Amino acid sequence: MKKIDPAFKIKGFATKQSVRLSEKTLAKTEKAGNYLTDLADVVLFLGKVFRETFSRDFEFKEFLRQCFQIGYKSLPLISITGAIMGIVLTIQSRPVLVNFGAVTLLPGMVAISLIREMGPVITGLICAGKIGSGMGAELGSMKVTEQIDAMEVSSTNPIRFLVVTRILAATLMIPLLILYADALGIFGSWAGANLKGDVSFVLFFSQAFSHVTFMDLFPAVIKSFFFGAVIGTVGCYQGYNAGRGTESVGKAANSAVVLASLLVIIVDVVAVQITDMLRS
Amino acid sequence: MNKLQAETLSGVATKKKSKEPVVEITNLRKGFGQQEVLKNISLQLFTGENLVVLGKSGSGKSVLIKCVVGLLNPEGGKVEVLGQNVSTLTRETLGELRKKIGFLFQSGALYDSMTVKQNLEFPLKRIKKDLTEKEREEKITEVLENVGLADAMYKMPSQLSGGMRKRISLARTIVVDPMIMLYDEPTTGLDPITSDEISSLINEVQGKYKTSSIIITHDIKCAQNTANRMVMLHEGEVYMEGKLADYEHSTDPFIQAFFK
């Protein structure tokens, strides 16, 4: 049997280890490179969207159509969830407030929690699901069936026609949907309160709004605009950059919902911190 | 014989094909990642001719015409359309150039959310901005009649068959009177009768609108019906260039396998 020099063995082991390490390093570098490429794509996309938003030929008719699709067609879902939010919140918190003898604070508490947090976040998440996935799937299938290419060769800028109109419509309509959900939530709360007692509509609403201040409503409305912009942008980005196969349509819709929901929550955390700083 | 067919025949008969290229491709190279799809393609499309580009699936035929219209950027070489180098144009200039090019997509690419009429109005409103609503309406009716689908004006794309979608897609392309037509697999997925009808339509469009066309196909019958000249692509390169008769009489096994 051939005797192997121990020094050679060590050298061989060291070489193998260094090869493994360099492979790992390469894989990590490649991964980091992919992240950077993705980030560059996002920045480029946002740059194009920003440029086209302020271009001369704004597609106003398509913008109105998108407002109708995003706003009006979401009303049934938002109405039901808004009203249920109010009813559930009232039914859950009423017994606790009764124990403390503070049941008169119920309308104010519900109104504040709905306007400040629950209304925007829950409606935002529902919109991320409905509107974000819709945009991702629609633009994704347009990409797969070459409709976006067809638009481009018809001398129409698809970013201007498809993306800008959708993002602006989402930015405008989602805050309105959130305010609508808030109003229905308070109405649902009055209905919930009447399940266990008898409160007049006028008394309930005057009690509710006597506790709500400008600093409850204003930051909530501002963050709603950001929710709309985030949902629109993520939905459009995922759809517009979908792959070429039909599988990518599903992926685009799915990642639009996941990313938009995550970003809604992150924007909310940031908005709450800023509002808290402004209040104190 | 309908009016369009008569015009077609007279158009073909009186056509004096000038030798001025409207599309000139020189040493074109294009790849995706490690895969080189087009290696060194050079060809010309002359005024008023139908140039058929033949080749196996995956030989880069569609990539070629996407480079012509600027949907893909070449990695090397030059694509000149109407004397303009496509890859060096600004977005605005490219947009202006594209107004003179019609592109029939393999899938038809009709806008799902719009009716047939809206599909035709879409490019018309953007390219022929000076037309009045009445003129637009007349133009749409005229092209729909030309493709034999005047009654489909208010239908949604989902209500149309594959052949009808191709016809409407062709109508949407010719409604803006393009100078150059690019057909990407116009007969793929259609039955032989509808394929023949689409081939006839391609010839009618050439006759009536005096277009110069590149027809990408692997359908020999479509090639035989429409070609004035043919180019065969193989492994990313031009394998053969000539008239239909040259191909039919070729002894090359690859060409024979195609024309069998």
Side-chain angles (χ1 to χ4, degrees), chain A residues 30 33-34 37 44 47-52 55-70 73 134-135 137-166 169 239-240 242-246 248-249, chain B residues 32 62-63 65-72 81 86 89-114 118-129 157-158 165 168-170 172-176 178 180-185 188:
Chain A
E30 200 177 318
N34 287 344
T37 317
L44 271 174
K48 281 181 195 167
V49 171
F50 188 77
R51 195 180 60 205
E52 293 305 327
S55 73
R56 278 175 304 161
D57 304 319
F58 182 68
E59 301 281 354
F60 192 69
K61 225 174 163 183
E62 178 63 12
F63 167 72
L64 287 183
R65 197 179 79 84
Q66 288 305 323
C67 285
F68 177 79
Q69 291 285 338
I70 292 169
K73 293 218 168 164
M135 285 179 185
E138 191 185 7
L139 295 192
S141 61
M142 284 184 84
K143 180 90 179 271
V144 170
T145 54
E146 297 177 307
Q147 290 176 51
I148 292 181
D149 285 345
M151 211 165 264
E152 195 141 349
V153 295
S154 302
S155 293
T156 302
N157 188 328
I159 294 271
R160 189 186 303 158
F161 187 81
L162 297 171
V163 178
V164 170
T165 51
R166 277 167 175 76
Y240 197 83
R244 286 282 172 187
T246 44
S248 54
V249 178
Chain B
F32 298 97
S62 299
V63 173
I65 52 167
K66 283 185 178 168
C67 288
V68 171
V69 81
L71 282 174
L72 291 174
V81 178
V86 175
L89 296 177
T90 62
R91 194 172 176 90
E92 285 71 28
T93 335
L94 183 60
E96 285 303 313
L97 181 66
R98 281 173 175 163
K99 289 178 181 173
K100 295 164 189 158
I101 307 172
F103 196 118
L104 181 76
F105 286 86
Q106 192 173 346
S107 58
L110 293 176
Y111 307 127
D112 290 331
S113 58
M114 301 180 194
Q118 287 167 336
N119 260 284
L120 269 71
E121 261 177 351
F122 190 86
L124 205 53
K125 275 182 181 173
R126 284 160 176 81
I127 294 173
K128 304 248 170 191
K129 288 179 183 171
S158 56
R165 288 172 78 98
I168 298 295
S169 188
L170 181 57
R172 186 181 66 182
T173 313
I174 58 176
V175 78
V176 291
I180 300 165
M181 281 292 297
L182 305 172
Y183 298 92
D184 189 5
E185 308 270 12
T188 297

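Labels below follow one simple rule: chain letters A, B, ... track the order of the sequence lines, proteins then strands, and each chain is numbered from 1. Treat the numbers as computed from the prediction; the structure is a model and nothing was measured.
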What option among P178(B), S107(B), P123(B) has the most heavy-atom pairs under 4.5 Å with chain A? S107(B)
Would you check if there is a donor-acceptor pair between the side chains of Q66(A) and T165(A) at a distance under 3.5 Å? no
Answer key: most heavy-atom pairs under 4.5 Å with chain A among A109(B), S113(B), S169(B) is A109(B)
Keeping to residues at least two apart or across chains, list the salt bridge (charged side-chain N to carboxylate O under 4.0 Å, His left out) pairs with something in residues 99-108 of chain B. E96(B)-K99(B)
N-O pairing of K125(B) and D57(A) below 4.0 Å: no
Can you tell me which portion of L104(B) sits under 4.5 Å from chain A's heavy atoms? Options are side chain, backbone, both or neither. neither
Where on E59(A) is there a heavy atom nearer than 4.5 Å to chain B: the side chain, the backbone, both, or neither? side chain
Considering residues at least two apart in sequence or located in another chain, which fulfil the salt bridge (charged side-chain N to carboxylate O under 4.0 Å, His left out) criterion with R172(B)? none
